[in-house]
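Here is the structure we will look at.
Just so it is clear, the values below take in all heavy atoms, side chains as well, and ignore hydrogens, waters and symmetry mates. So you know, we letter chains A, B, ... as the sequences are listed, proteins then strands, and number each from 1. Every value quoted in this text rests on a predicted model; they were computed, and no experiment measured them.
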2 protein chains.
Amino acid sequence: MDADKTEEGLGPLDSLLGYHLRRAGSVVGGAFSRAVSGTTLRQVPFAILSVIAANPGIKQGTAGQILGIQRANMVALINELVEAGYIDRQAAQDDRRAFALACTTKGQVALDHFTGEILRHEADLLADFSPADRKKLMQLLRRIEAREPSEAD
Amino acid sequence: MDADKTEEGLGPLDSLLGYHLRRAGSVVGGAFSRAVSGTTLRQVPFAILSVIAANPGIKQGTAGQILGIQRANMVALINELVEAGYIDRQAAQDDRRAFALACTTKGQVALDHFTGEILRHEADLLADFSPADRKKLMQLLRRIEAREPSEAD
DNA sequence: CCTAGATTGATATACGGCATAACATAATTG
DNA sequence: CAATTATGTTATGCCGTATATCAATCTAGG
């Protein structure tokens, strides 16, 4: 057998974590798509909705910080959620520049419903993963995420 | 303590694998950026270069299939690598429509160099991960990737 | 052999995520 | 109060990806 073959046909790429994260993310993204199929909901707006629901009155910029979304890009996303009737935007009391965001009833219902669907499809994908493996995977990913705010270039 | 708080301020999002894969992917993407800083190399062209280097004479479409890149999007990417002098494109002997792609010496040197840099920066990011954890993470991600070609909608 | 269908690369086009620059308004600090 | 900073906003661009369409070529069936 070929002894100089890293693995499949990926070459050194196969040893890179970044590549596998991107591919696995795409596969699990498919589960999201199936979970919300028939709607126009996307991952990023869903994430924002979840953060707002978990933090009633949160400001637009803060929500963006939590998710790593820049202010400029939040504007259209928040507009989208407001127009969908999922969130409510009103002037913040302590800061006349900022908006206090809150989830509407409709938004909460949608969040609950889609969360269930997504979890169901993700569980489908991980059907033959042991509970220990699923837990370990989440732990490892969270540890990586925690490594974001290091030194810049 | 608040007992109805999932975790941070993420809400149900925090229980979703897809979210954590995207965030972790972004963090590790930062390691890639630092590894190639000063150049214009991107993750996708790098991946293509690696696959071509590992499979001399591979056809454009096949390389795309391996990486999940569609034919239409491969064209510009391959052009880019050719113009950079990293790969060589010549008519395939067995199919006059197709191109046989091969890595140039310059491409191989670049691949080796950048692979080393990326590995170094990724290792930096995973500095306090045990070898067992690193191995486990790669294993779990590869298992997820293997679940791509299931039923469609 | 020769036509019908499939395959390969290519072009055009569009959308979503993300980045930077610049601006107005409001808050904060010295 | 003046200078600086923070917030939301607009404009703009790049990258990754998706679809539709096309020409050239290959492949299979009649």
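- For the OP1/OP2 pair of C:dG9 and a distance below 4.0 Å, the side-chain nitrogens and oxygens of B:Gln70 include no atom meeting the criterion.
- Distance CD1 (A:Ile69) to P (D:dT9): 14 Å, rounded to an integer number of Å.
- Phosphate proximity of C:dA10 to B:Gln60: present, with a side-chain N or O under 4.0 Å from OP1 or OP2.
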Inset, instruction - Would you check, one step at a time, whether the test salt bridge (charged side-chain N to carboxylate O under 4.0 Å, His left out) holds for A:Arg142 with A:Glu145? - result: CA-CA 5 Å; A:Arg142 277 190 256 251; A:Glu145 290 172 55; over 6 Å; no
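- Contacts of B:Val75 with the nucleic acid, taken as non-hydrogen atoms under 4.0 Å apart, include base atoms.
- The 5' end of DNA chain C is approached more closely, in terms of each residue's nearest nucleotide, by A:Ala72 than by the other of A:Asp94 and A:Ala72.
- For B:Asn79 and B:Glu83, the side-chain atoms include no donor-acceptor pair closer than 3.5 Å.
- Per the geometry, CZ belonging to B:Phe32 stands 13 Å off C1' belonging to D:dC15, to the nearest Å.
- Evaluation of atom-type donor-acceptor distances gives a pair under 3.5 Å for the side chain of A:Asn73 against the base of C:dA19.
- Within the structure, every side-chain polar atom (N or O) of A:Arg71 is placed at least 4.0 Å from both OP1 and OP2 of D:dA6.
- If you take CZ of B:Phe99 and P of D:dT25, they are 11 Å apart, rounded to a whole angstrom.
- Put simply, B:Val75 and B:Leu49 are part of two different groups of oily side chains (I, L, V, M, F, W, Y) that touch within less than 4.5 Å, one to the next.
- Rounded to an integer number of Å, the gap from CD of A:Gln43 to C1' of C:dG17 is 11 Å.
- Proximity of a side-chain donor or acceptor of A:Thr104 to a complementary backbone N or O of A:Asp88 within less than 3.5 Å is not detected.
- Contact between the side-chain N/O atoms of B:Arg96 and the OP1/OP2 oxygens of D:dA24 is not found at any separation under 4.0 Å.
- Atom CG of A:Leu77 is separated from atom C1' of D:dG8 by 14 Å (rounded to the nearest Å).
- In this structure, B:Asn79 atom CG and D:dC15 atom P are separated by 14 Å, rounded to whole Å.
- Atom CG of B:Leu67 is separated from atom P of D:dA18 by 13 Å (rounded to the nearest Å).
- Taking the ring centre of B:Phe99 as origin, the terminal cationic atom of B:Arg89 falls inside the region bounded by 6.0 Å and 45° from the ring axis.
- Across the protein-nucleic acid pair, A:Asp95 atom CG and D:dT9 atom P stand 13 Å apart, rounded to whole Å.
- If you find the closest nucleotide of DNA chain D to A:Arg22 and to A:Met74, the one lying nearer the 5' end belongs to A:Met74.
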